[in-house]
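Some notes on the structure that comes next.
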Amino acid sequence: LKLKETNQEIDVQSKNYFENVYKIKSTNPSDIWRNLMSMSRCSALIKMIKDQNGNLMDLYVAHNTWGEAIELIRIYKYHKLELEGNEDIPSVDYTFSGYPGTLSSTDDFYLTSNGLVVTETTIEVVDINLYSNVKHSDTYLPNYMRVLSATRFSKSAEEWVQSFSFFNSGTYSSQWMILDYNQFNKVKNTANKPEKMFFVLEQVPDKIVSHDLTDKLVSETFFGSYN
């Protein structure tokens, strides 16, 4: 989904946008990509630990966010929301790194009492014309609402990506990484392969695509998402 690989020059509208907004004077997608990455603000990595016999010993997740000095005011938040008398809507506690006055993380980094870790890094869209696919306001849910809804109600990584995919706004293009520690704990300290433990979802203005990358993570023991 990331459009940097093409050698085709960008169109005039995209050129004018990047020049006016980011002061990037180029029509080459690779040059634009490098400049955008120099202004980026987060990266994430996931590391699987194995012993000498191939047993799965541990699973680590890290997310790093950097930005302006105003973002030094950080709060690690804990939400416990219960709806009394409604057994159909589960009560899930979740924590996240955030800022004063924010309902969602915006970093994004979430841990839930359902055993999920949810994080993302930004996808820079080089072809500005894709934003013509942004939905009308009465046909989508804002991104932060979909993030919070999926994070609060989902009981698995697979359920999270399915829930988040509904009512795509076409904004906040990101690569989401969802880990299900319930699946990892089932096989921890063994050489057995977990199932549906790690999903990656990518969202851009015109589409959402997700895949189960559990086998890739177990095989390579590492997944990085860099900005």
Side-chain angles (χ1 to χ4, degrees), residues 1-47 61-72 74 97-99 102 104-110 118-137 139-147 150 161 164-165 167-178 198-211 213 216-217 220 222-227:
L1 295 177
K2 296 184 176 181
L3 305 176
K4 65 174 181 174
E5 303 301 333
T6 176
N7 291 319
Q8 183 178 355
E9 291 190 347
I10 63 172
D11 61 275
V12 173
Q13 182 179 355
S14 297
K15 174 183 178 296
N16 291 338
Y17 171 81
F18 286 113
E19 185 170 340
N20 293 332
V21 176
Y22 294 102
K23 311 303 180 186
I24 301 173
K25 297 182 179 181
S26 177
T27 59
N28 184 291
S30 294
D31 291 341
I32 293 173
W33 184 267
R34 281 193 296 272
N35 279 277
L36 289 175
M37 288 300 96
S38 70
M39 308 173 199
S40 64
R41 65 186 301 269
C42 61
S43 289
L45 64 87
I46 299 166
K47 176 61 180 175
V61 185
H63 185 277
N64 187 34
T65 303
W66 57 92
E68 295 79 11
I70 191 174
E71 294 187 342
L72 289 173
R74 308 296 297 281
S97 58
Y99 306 85
T102 62
S104 60
S105 172
T106 75
D107 278 342
D108 293 273
F109 188 81
Y110 299 87
V118 178
T119 191
E120 62 87 13
T121 63
T122 303
I123 294 178
E124 302 290 355
V125 177
V126 176
D127 184 1
I128 298 304
N129 295 290
L130 289 180
Y131 283 110
S132 64
N133 294 291
V134 171
K135 309 297 189 298
H136 192 272
S137 60
T139 63
Y140 73 84
L141 291 176
N143 184 81
Y144 82 94
M145 291 185 180
R146 291 164 40 239
V147 172
V161 298
F164 181 80
S165 297
F167 304 110
N168 178 25
S169 62
T171 58
Y172 204 81
S173 298
S174 303
Q175 181 183 76
W176 289 90
M177 293 147 279
I178 319 300
F198 176 50
F199 280 76
V200 173
L201 178 148
E202 290 193 340
Q203 169 189 298
V204 291
D206 62 334
K207 67 181 68 175
I208 286 182
V209 177
S210 63
H211 293 286
L213 296 187
K216 176 180 175 66
L217 177 59
E220 299 179 5
F222 177 85
F223 185 89
S225 184
Y226 306 104
N227 277 339

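All of these numbers come straight from a predicted model, not from anything done at the bench.
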Who pairs with D107 by side chain to side chain donor-acceptor pair (under 3.5 Å), at least two apart in sequence or on another chain?
-> R74, S97, Y99
Report the residues that fulfil side chain to side chain donor-acceptor pair (under 3.5 Å) with T65, sequence neighbours left out, ordered by chain and then residue number.
-> H63
All side-chain contact (heavy atoms from CB on, under 4.5 Å) counterparts of S174, not counting sequence neighbours = E120, Y172, W176
Taking every non-hydrogen atom, the tightest pair across Q175 and V200 | CG-CG1, 3.8 Å
Check salt bridge (charged side-chain N to carboxylate O under 4.0 Å, His left out) between D31 and all other residues, then give those that pass, not counting sequence neighbours.
-> R34
T171: partners by side chain to side chain donor-acceptor pair (under 3.5 Å), with sequence neighbours left out | S169
Could you list the residues that satisfy side-chain contact (heavy atoms from CB on, under 4.5 Å) with N129, not counting sequence neighbours?
-> D11, Q13, S14, D127
Please identify each residue that fulfils side-chain contact (heavy atoms from CB on, under 4.5 Å) with K25, with sequence neighbours left out.
-> E19
Measure the shortest side-chain to side-chain distance between F164 and Q203 over non-hydrogen atoms and say whether it is less than 4.5 angstrom.
-> yes
Shortest non-hydrogen contact from N64 toward W66 = ND2-CE3, 3.5 Å
Please check if atom CZ in F167 has more than 12 non-hydrogen atoms from other residues, nucleotides or ligands closer than 6.0 Å.
-> no
Those residues at least two apart in sequence (or on a different chain) that pass side-chain contact (heavy atoms from CB on, under 4.5 Å) with S210 are V161, L201
Between atom CG of N143 and atom OG of S173, what is the distance when rounded to the nearest 0.5 Å?
-> 9.0 Å
With sequence neighbours excluded, tell me which residues meet side chain to side chain donor-acceptor pair (under 3.5 Å) with T102.
-> K77
Measure the CG-SG distance between D108 and C42 for me, rounded to the nearest 0.5 Å.
-> 8.0 Å
Closest heavy-atom contact between T121 and M177?
-> N-CE, 4.0 Å
Interatomic distance, CZ@F198 vs CD1@I46, rounded to 0.5 Å, equals 3.5 Å
Find out whether L45 and F222 are in side-chain contact, i.e. whether some heavy atom of one side chain is under 4.5 Å from a heavy atom of the other.
-> yes
Closest heavy-atom pair, A44 versus T119, reported as atoms and distance to 0.1 Å, is CB-CG2, 4.4 Å
